[in-house]
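Quantities reported herein were computed from a predicted structural model and do not represent experimental measurements.
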Amino acid sequence: MSDTWKRARVLRLIDDYILYAAVRAALRLSVFDLLAAGACAVDELADEIAAGGTGRPDEQLLGRLLRALEHLRLVERDARGRYLLTGEGDLLTSGRDDSLAPAALMWGEELWRDSADLLHRTITRGGPAALELHQVGSPYDWLSTQPAAGALFNEFMATRSVTVARALAGQDLTGVDAVADIGGGTGIVLATLLASHPRLRGVLFELPEVAAQARRHLDGRSAVTVAEGDMFADPLPLAGLYLLSNIVHNYPDEQAAKLLARIAALMDADAELWIVDAILDDDPHRSPTSAVALDMKMLTLFTGGRERTLTGVESLLEAAGLHVARTEPLPHGLHLVVARQRPASG
């Protein structure tokens, strides 16, 4: 491996920050949505952006932004030199229920931006420095005071949930009669499961403020019950399948173990617990980049939040009397970990 190659690789890591900024700028200028309507020359795209009320961009500078997006393979040019979307660029349009645009925009929000900038202070102080800076206990506390950012975060979680929900809906649920989605947000994953398996009943368990949103989202679905409460303190519903999607990684080991133990106490011999989280490899070189990135995000935003290796998840489950029955990769670099009651020894 030559020194030149090593330098180029490290410089690419450094340059990724400004390239992300180019993607975010394109989103804020509605470039991807405008090109989704048809190919445009630079001057035509400038006119379309101006029509949106943000002012007419400088054509030369817009052209340079488009060249960067072309380098990133998010746009391409036709034979007439007009810009159009690639398949990757289409993933950043707002009309898709699985759009990646909210994920890209979320990291431009103040708390998220500060959390990355203050990562060094987080490490030296032993907890998220951005939460301390903004004087909040969690990202959710901050979002509750920022309506626009809160709406964007909800959109981010919804679009992220769609592809995962579709993958989970393809699982074999023979013998399962009821699903309890613990901390299931507005119910996107649960609703998708029930739509694919009409004989199932579902219970969504959430904090009161989120439960109110879930009721609006799930309105008219008679097979779903929305229950309110604290998953660490209040009684949890009975079910043949328990789902913890993007939940366990929010908490340090002690709290995660407590939650798993509470669920394990309700599970009979045939029940299953599905954990959806990113899984790190014991060898960092083999860990998916998306899982490593998510672990850094959890480090910066959640006190004690973390992604775990499969060994780490197994340890938490074993302490609760459960064992890993199987694992399966999911979209967005996530994994499904299926746990069951540990067989009786002897």
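- Between Y251 and F302, the gap from one ring centroid to the other reaches at least 6.0 Å.
- Nearest heavy atoms, P288 versus I279: CD-O, 3.9 Å.
- Contact check on D117 versus R113 returns no salt bridge, with no Lys/Arg side-chain nitrogen under 4.0 Å from an Asp/Glu carboxylate oxygen.
- Taking both residues in full, the closest heavy atoms of T93 and D33 are given as CA-OD1, 3.3 Å, listed atom of the first, atom of the second, then distance.
- Of the inter-residue distances, the one linking Y83 atom OH with E76 atom CD reads 11.5 Å to the nearest 0.5 angstrom.
- Shown here for Y242 and L238, the closest heavy-atom pair between the two residues is OH-CA, 3.3 Å.
- Between the side chains of E109 and Q146, no donor N or O sits under 3.5 Å from an acceptor N or O.
- Salt bridge annotation for E132-R125: present, with a cationic side-chain nitrogen under 4.0 angstrom from a carboxylate oxygen.
- Using a cut-off of 4.0 Å between Lys/Arg side-chain N and Asp/Glu carboxylate O, D177 and R199 are scored as not salt-bridged.
- Applying salt bridge (Lys or Arg N to Asp or Glu O under 4.0 Å) to R308 and the options D277, D282, D253 leaves one that passes, D253.
- Side-chain atoms of H249 do not come within 3.5 Å of backbone N or O of G305 as any donor-acceptor pair.
- Checking D98 against T163 by side-chain atom types alone, no donor-acceptor pair falls below 3.5 Å.
- Residues A291 and A278 approach most closely at CB-CB, 3.8 Å, considering heavy atoms.
- Between R73 and E88 no salt bridge is recorded (no basic side-chain N to carboxylate O distance below 4.0 Å).
- Separating the CG atom in L204 from the CD1 atom in I188 is a distance of 11.0 Å, to the nearest 0.5 Å.
- Taking CZ of R67 as the start and CG of L62 as the end, the distance is 13.0 Å to the nearest 0.5 Å.
- With respect to the salt-bridge test (charged N to carboxylate O, under 4.0 angstrom), the residues E228 and R215 qualify.
- Listed here is the closest heavy atom pair of V162 and D97: CG2-O, 3.3 Å.
- In this structure a side-chain-to-backbone donor-acceptor pair under 3.5 Å is present from T86 to L74.
- Residues K6 and D3 are not paired through a salt bridge, judged by the lack of any N-O separation under 4.0 Å between the basic side chain and the carboxylate.
- Note that the CH2 atom of W112 and the CG atom of L105 stand 13.0 Å from one another [nearest 0.5 Å].
- One finds no salt bridge joining R306 and D295 here, because no Lys/Arg side-chain nitrogen approaches an Asp/Glu carboxylate oxygen to under 4.0 Å.
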